[in-house]
S.K.: 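One structure coming up, written as structure tokens, with questions to follow.
Chain letters run A, B, ... following the sequence lines, proteins first, then strands; residues in each count from 1.
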Amino acid sequence: MDFNDTPQEADYRAQVKAWIAANAGEYLNPPAKPWALDDFVARSKAWQAKKHAAGYVGITWPKAVGGQGLSPMHQIIFNQEESRTHVPTGLYSIGLGMCIPTVFTHGSPEVAARYVPRALKGEEVWCQLFSEPVAGSDLASIRTRAVRDGDEWVINGQKVWTSFAHKSDFGIVVCRTDFDAPKHKGLTMFIVDMHAPGMEVRGIKQMSGGSDFNEVFFTDVRVKDTHRLGDVGEGWKVALTTLMHERLAVGGKPRHAPGYQTLMTVAAGIETDSGPAMERADVRQRIADTYIADEGIKLTQMRALSALSRGAMPGPEQSISKVVVAKTMQDMASFALDLSEASGFAVEPGSDLEKLQGSYMWSAGLRIAGGTDEILRNIIAERVLGLPGDLRPDKDTPFSQLKPL
Amino acid sequence: MDFNDTPQEADYRAQVKAWIAANAGEYLNPPAKPWALDDFVARSKAWQAKKHAAGYVGITWPKAVGGQGLSPMHQIIFNQEESRTHVPTGLYSIGLGMCIPTVFTHGSPEVAARYVPRALKGEEVWCQLFSEPVAGSDLASIRTRAVRDGDEWVINGQKVWTSFAHKSDFGIVVCRTDFDAPKHKGLTMFIVDMHAPGMEVRGIKQMSGGSDFNEVFFTDVRVKDTHRLGDVGEGWKVALTTLMHERLAVGGKPRHAPGYQTLMTVAAGIETDSGPAMERADVRQRIADTYIADEGIKLTQMRALSALSRGAMPGPEQSISKVVVAKTMQDMASFALDLSEASGFAVEPGSDLEKLQGSYMWSAGLRIAGGTDEILRNIIAERVLGLPGDLRPDKDTPFSQLKPL
Amino acid sequence: MNFDLSDDAKTLKEAARKFLDARAGPPVARKVMDSSDTHDAALWAEVVEQGWPAARVPEAHGGLGLGTDEACVLAEEIGRSLAPVPLLSTMGAIEAILLAGTDAQKANWLPKLASGQAVGTIAWAEGDAKSPTAMPSLALSGGTLSGAKSPVADGLVATVAIVTVASADGPAMAIVSLDGVSREKVETLDLVRPSARLQFDNTPAEALGTATDWVKLTEQLAVLAAWEALGTSDAARDMTLAYAKDRVAFGQRIGRYQGVKHKLADMYILSELARAHALHGCWAWSAGAAELSPAAAAARVASLDALKYTAEESVQLHGGIGFTWEHDCQFYYRRNRQIVSALGSRSYWADRLVRALEQRNRAAA
Amino acid sequence: MNFDLSDDAKTLKEAARKFLDARAGPPVARKVMDSSDTHDAALWAEVVEQGWPAARVPEAHGGLGLGTDEACVLAEEIGRSLAPVPLLSTMGAIEAILLAGTDAQKANWLPKLASGQAVGTIAWAEGDAKSPTAMPSLALSGGTLSGAKSPVADGLVATVAIVTVASADGPAMAIVSLDGVSREKVETLDLVRPSARLQFDNTPAEALGTATDWVKLTEQLAVLAAWEALGTSDAARDMTLAYAKDRVAFGQRIGRYQGVKHKLADMYILSELARAHALHGCWAWSAGAAELSPAAAAARVASLDALKYTAEESVQLHGGIGFTWEHDCQFYYRRNRQIVSALGSRSYWADRLVRALEQRNRAAA
């Protein structure tokens, strides 16, 4: 056992390191202050163009679609090295991580030729339009309707939880095209122009105060049938391939989220009625709990990397990541704020406690985003342990005749 | 608010106190050593006869069936005073608590006249034959079969978890009499003679080592139709009335089970690497947790008594009792044994730690008996909070055609 | 046995519920959040009109002379409705004066507090990680006080504060008119009940009772806060329960899934445990029983457990919508933090509970 | 990156699993429980035949010279199968001698332990609530030992014990032949792995290494015990999983209910967290890394969490049948207590973990 690169991995890492050192420039240091959104978009586009020119985009994709045809380990190595810097990423993670693979897998050659190269270069930004107010965990119950009209489709409805919708040029959208088919059978996927007439994007403000997502309203938005992805009625299968990528993406502890070290720092400064906080058995046990969870997930990710490194598929243990990380964040933050008494309630910008307060708010959302705790436990139980699924009374009934039980 | 008896309650309590003082004799002190089973039975019968003669049996039952026609508070006051002594009870708790009310509610006048008076006097002991190996939480899925043969029924099958079956004279047994009806509709309840040919009783040894229950096997056991309780096919409804009494009976922390005081005593004797156990924040918090749960349940019971005392029905909050008590016992015992390191593993008869070890073993069963934690949460959610039940695909299908999903 | 609220208290509770259902609740809380208001002044005027601040004030001082049962149900209903009014702070100040005030102090302050002419609050926190019974940095000196207290709930609207000060026997209380005391808003996690930093600068202040009184007051406040937390917790649960009965996923109401219904059952279990202890605390307070020490601590701990679990899992069971700014889940999630910090955390009170049990054991030995 | 067991270890694991599936498991455990046997002697002979005690002994001393990966998979499979043989105790003694023995001690004991001629064990507990690193009451004096150790796992069958003794630097080790040492069975909660009370009475004993060695040995033992606990925990889970797929209630396999399936998912989550840390411990041990201190403690804590939850909820999910003497649930429920007491509880190791983290932080500062 070791934690070292193979010789090939080491070579690639050295090459990436050198390129980043030569090109990341100002991003080797953290920005003096957070970028405004438009500045962030402009910087993201510039960095993406540089990466593309150097052959660091679509690293695992087939060469035929403009990728590099390399292994997942190459992508991971690039990501690891890139994440040591402060370059602006994020703008492309959904588009390149989920939308474009769907486009080149399910779109026509013409469509792929039109959209994939510009997406790779970062000239056009993509978003994913799946969730709806009535369709969260149960994504297949969406109601946004697409009706055929000659060579076109006309879309009406509403999507939610769309990242960067307001800065996107295109999106992939799953719509119901047959209300008389069972719920999973009447869906179809399309590419939609985010600037098309009838599109309206509104920000969603989260409980935590930030506004990282959007609602998107469709009013008679027209899409050419050539921009369909996959067959009519096959939208659920297309969406599943898209979502497989999401499950891999939403994973470990969010970068910069407070962990056991933050709790140790906070506790070190607190003298309680029953002695210094760092000497209290309950505090020490909570530090241990947090370490076990966070480091356990890190080590589990290393097991996955080890599998990838030898050309194998990672094991199912990856599936525990988010459910552990999100709840650990919430529990640890709440514990630390309790321990901090009044100082855990007042908001002091820039302090460790402010980070913990942010973590307490944000973790409540993280326990929901990309699969709730409950859905993820179902997935572990059913897909990993092979238990039977919950009864599904809605599976075979025409969507239009569904009556909730 | 106060914790006092009303004047009427105080009068009754004084009368009971005086009678017990005059009659409990040796039982005012704990027995020098546990009684052997036959001794326990003989003592139980003698004490029951005394109580009966003095008018302290069937306190809340109608006078017409030999009861005293008094309120639940009278019964509770008697129980409270009786439980201050060490008289042998338990042998009659199922028979008089559950079986006989079913007999006089659903049996014919002749049957009631034959059985109720002797049961009241304690001359005959009763048991309840409901659960089966395939029918635990889902009691209505029992398979013990009763087939009509002229004026009689012939019973074949197996029951489990029967308390005192080997010392009982009679039992009430629920059988399937129609395999082509839906599961709840094909059941019928009978009185069965435990000494009848074809009855076999075997003890079940529990994981904890004791043997408090029995299996009962029926081979062509014959029962007269006059000994049917309720109509043919109405056995489920009859059983529900019987079980309503059980839910009330299985409740607070078992008498003599260790509680927060035991944890305090144990912790007071332990010096850990991080200081005296009683000064450790984790230990103090566990003591608090245990106090909150155990005393919370005690106080909740006082809320119920207060309702009964003013002639009202207790609120639904009673339903939280067992699920809280059983898990608290397990968690507290496990914590105390952990804290005791090696001394929590070796078994020292008579010690506090042995009590905790017993509690750790026994609580695992208590979390199951009389409704598992899961079933009790369902009951709270559905009956108290009004949530819809789990889907029941087996509800309307003939029992013989059920295919498990 | 009569371990239950008095009939009068139940009648008051029903009236309060009805009034606050109509006049308060999340939309009213949101109005304060979206504005720079310190509270809902119109609602406060109506609450004063209802006579609630006067509840515990003796008739001789212009109050209604009601018992602890009534105080507890008011706390519960204010907690349930999230009503943005300084009632509980004012009631806290009234209890301090009732417990420890001289006749003159009572005569001076109680009529004003009962009539809404004065608004009270309790100021013990000093912006750090200290507990309510740790020694304060402020001290009375020559009839004046200097130094800061923060965060003080309703400190922007209060006109009189009970301020903890150092004494030889531990923290003790002073009563301070806030006329001319400089105060600023403190940003906190609760956006509906604003807190202030009070800066005293040779501010005239009168001693109020002894260090023992402050300890006892924290017990009474713990009982009141337990009822408040219980009301807040039950409101969050009821909202979530309604959602679980309505929301559909995979063809079923989500309330059918054990993953959902068992969480709601756990909320109920925690709430009923808390209610039993809160009742016990109310009884011990009204009876003047020595039991108040463990009972108040247990009520505090049990109610914090109920509120924390319910507030967190309410967001969870609502899913994405529960995490939006527009949804009411955030009020309960944030208020949980306010209620924790207002009187000391769970671990602090668990420790006090065990100390009370140890004392009781020693006394019995 | 190669954070995984070696291929050799995986092959050994597969072979061990196959062998123990056929030869051990709950029925064999039950045989020992129902008899007065100290272990399954025939199975032990076969285990020796397989060369497992010899695994870590260098070839020069008659062993196979295998690595820590192999030791860990053996511990896991013994844990899984509940095999009533003194393998893990013997492996513990071997590690002690490998770590701290003189050449003479190695030459004397390792061949015997590798060949099954000797059976080893570790004796640190003294029947009280002390931790493995608290100062023992026994001390070496003039080459002899007096006093008792209890409970000692496999102490009825062991022929040589590593005994902790007081030293100026803390607990240290002695190696003691158990020839003629009086021993009696100690009743414990585990009915399959009997424990003994060893009574030393001027028993000849040799010092083995230093106090530092004992601390380090407890870390290595913690890694081994983590793998054992993981195997035991996974066996309980797999049994419960099979039951949940088979048992029907209310017309459905109980594994369809979220109340059941989420518990099984939690067992899986705890097991995989424990496995990640157990692997880390195995790596740190084999690499001789300073990381061993936190890694071993984390492996211990995580594996105890997995085993406790799984053992308790396995009974629960089986319902009534799981609570019977005839069912296998009890083996895991009882073994959990043995594994806890064998090397110090969760809170003890959580404290050690944090001490290791503090040390690391100081070193990095």
S.K.: Check each atom of F213(B) against the heavy atoms of chain D and say whether the ones under 4.5 Å are side chain, backbone, both or neither.
M.R.: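 For F213(B), there is no contact with chain D at all, as no heavy atom is under 4.5 Å.
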S.K.: For Y348(D), does its backbone N or O pair with a side-chain atom of E341(B) as donor and acceptor, under 3.5 Å?
M.R.: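 Not at all, since once roles are kept as given, no pair shorter than 3.5 Å links the two residues.
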S.K.: Is the closest side-chain heavy-atom distance between L405(B) and R256(D) below 4.5 Å?
M.R.: yes
S.K.: Under 4.5 Å from any heavy atom of chain D, what part of D373(B) do you find: side chain, backbone, both or neither?
M.R.: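 Both the backbone and the side chain of D373(B) come within 4.5 Å of chain D.
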S.K.: Using non-hydrogen atoms and a 4.5 Å limit, figure out which bit of S208(B) sits close to chain D: side chain, backbone, both or neither.
M.R.: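 Both backbone and side chain of S208(B) come within 4.5 Å of chain D.
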S.K.: Quick one: are T372(B) and Q316(D) in side-chain contact, heavy atoms under 4.5 Å?
M.R.: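 In short, these two side chains touch, coming nearer than 4.5 Å.
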S.K.: Looking at K308(D), I want to see if its NZ is surrounded by more than 12 non-hydrogen atoms of other residues, nucleotides or ligands under 6.0 Å.
M.R.: yes
S.K.: Indicate the atoms forming the closest heavy-atom contact of G251(D) with P393(B), along with that distance.
M.R.: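 Scanning both residues, the minimum pair turns out to be O-CG, 4.0 Å.
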S.K.: With rounding to the nearest 0.5 angstrom, report the CD1 to NZ distance, I270(B) to K130(D).
M.R.: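 NZ of K130(D) is found 10.5 Å from CD1 of I270(B).
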S.K.: Given that the side chain runs from C-beta out, which part of R377(B) has a heavy atom under 4.5 Å from chain D: side chain, backbone, both or neither?
M.R.: neither
S.K.: Of the options L337(B), L339(B), T272(B), D338(B), which is the one that meets S345(D) in a side chain to side chain contact (heavy atoms under 4.5 Å, CB included)?
M.R.: D338(B)
S.K.: Where do D138(B) and V248(D) land on the side chain to side chain contact (heavy atoms under 4.5 Å, CB included) test, with the steps shown first?
M.R.: CA-CA 9 Å; D138(B) 180 13; V248(D) 174; 5.8 Å; no
S.K.: Quick one: pull up CD in E354(B) and CG in L189(D) and give me the separation to the nearest 0.5 Å.
M.R.: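 If I round to the nearest 0.5 Å, the distance is 9.5 Å.
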S.K.: Under 4.5 Å from any heavy atom of chain B, what part of E313(D) do you find: side chain, backbone, both or neither?
M.R.: side chain
S.K.: Hey, could you give me the CZ/CG distance between F250(D) and D390(B), rounded to the nearest 0.5 Å?
M.R.: 8.0 Å
S.K.: Classify the side-chain pair D273(B)/S131(D) by whether it contains a donor and acceptor separated by less than 3.5 Å.
M.R.: yes
S.K.: Let me confirm one number: the CG-OG distance from D128(D) to S343(B), rounded to the nearest 0.5 Å.
M.R.: 6.5 Å
S.K.: What part of A135(B) gets closer than 4.5 Å to chain D, counting heavy atoms only: side chain, backbone, both or neither?
M.R.: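 It is the backbone, since no side chain atom gets that close.
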S.K.: Does a sphere of radius 6.0 Å around NZ in K237(B) hold more than 12 heavy atoms from other residues, nucleotides or ligands, not counting ones at 6.0 Å or beyond?
M.R.: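 Incorrect, the count does not exceed 12.
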S.K.: Does any heavy atom of chain D fall under 4.5 Å from the side chain of S131(B), the backbone, both, or neither of them?
M.R.: neither
S.K.: Distance from I254(D) atom CD1 to E374(B) atom CD, nearest 0.5 Å?
M.R.: 9.0 Å
S.K.: Under the side chain to side chain contact (heavy atoms under 4.5 Å, CB included) test against M207(B), which residue among Y333(D), F331(D), W325(D) passes?
M.R.: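 The passing option is Y333(D).
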S.K.: Supply the atom-to-atom distance S334(B) OG to R346(D) CZ, rounded to the nearest 0.5 angstrom.
M.R.: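 It is 11.0 Å, given to the nearest 0.5 Å.
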S.K.: State, yes or no, whether a side-chain contact exists between E312(D) and Q330(B) at a heavy-atom distance under 4.5 Å.
M.R.: yes
S.K.: Within the 4.5 Å heavy-atom criterion, are F335(B) and S347(D) side-chain neighbours or not?
M.R.: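 They are not in side-chain contact.
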S.K.: Which heavy atom of G320(D) sits nearest a heavy atom of W161(B), and at what distance?
M.R.: O-CZ2, 3.1 Å
S.K.: Take atom NZ in K185(B); do more than 12 heavy atoms of anything else shown fall under 6.0 Å from it?
M.R.: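 No, because the 6.0 Å sphere around NZ of K185(B) holds 12 heavy atoms or fewer from other groups.
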S.K.: Need one label for T324(D): side chain, backbone, both or neither, based on atoms under 4.5 Å from any heavy atom in chain B.
M.R.: both
S.K.: Examine whether an atom of R247(D) lies under 4.5 Å from a heavy atom of chain B, and if so say whether it belongs to the side chain, the backbone or both; otherwise answer neither.
M.R.: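 Contact with chain B involves the side chain of R247(D) alone.
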S.K.: If you define the side chain from C-beta out and look only at heavy atoms, does anything of R334(D) sit under 4.5 Å from M361(B)?
M.R.: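 Yes, their side chains come closer than 4.5 Å.
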S.K.: Look at atom CG of D396(B) and say whether more than 12 heavy atoms of other residues, nucleotides or ligands are closer to it than 6.0 Å.
M.R.: no
S.K.: Relative to the ring of W362(B), is the ring of F323(D) parallel (under 30°), tilted (30 to 60°) or perpendicular (over 60°)?
M.R.: perpendicular
S.K.: Under a 4.5 Å heavy-atom cut-off, does chain B meet the side chain of N336(D), its backbone, both or neither?
M.R.: side chain
S.K.: Counting only heavy atoms closer than 4.5 Å, note whether V315(D) contacts chain B via side chain, backbone, both or neither.
M.R.: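 When you check distances to chain B, atoms from both the backbone and side chain of V315(D) fall under 4.5 Å.
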S.K.: Please classify the contact of K395(B) with chain D as side chain, backbone, both or neither, using a heavy-atom distance under 4.5 Å.
M.R.: neither
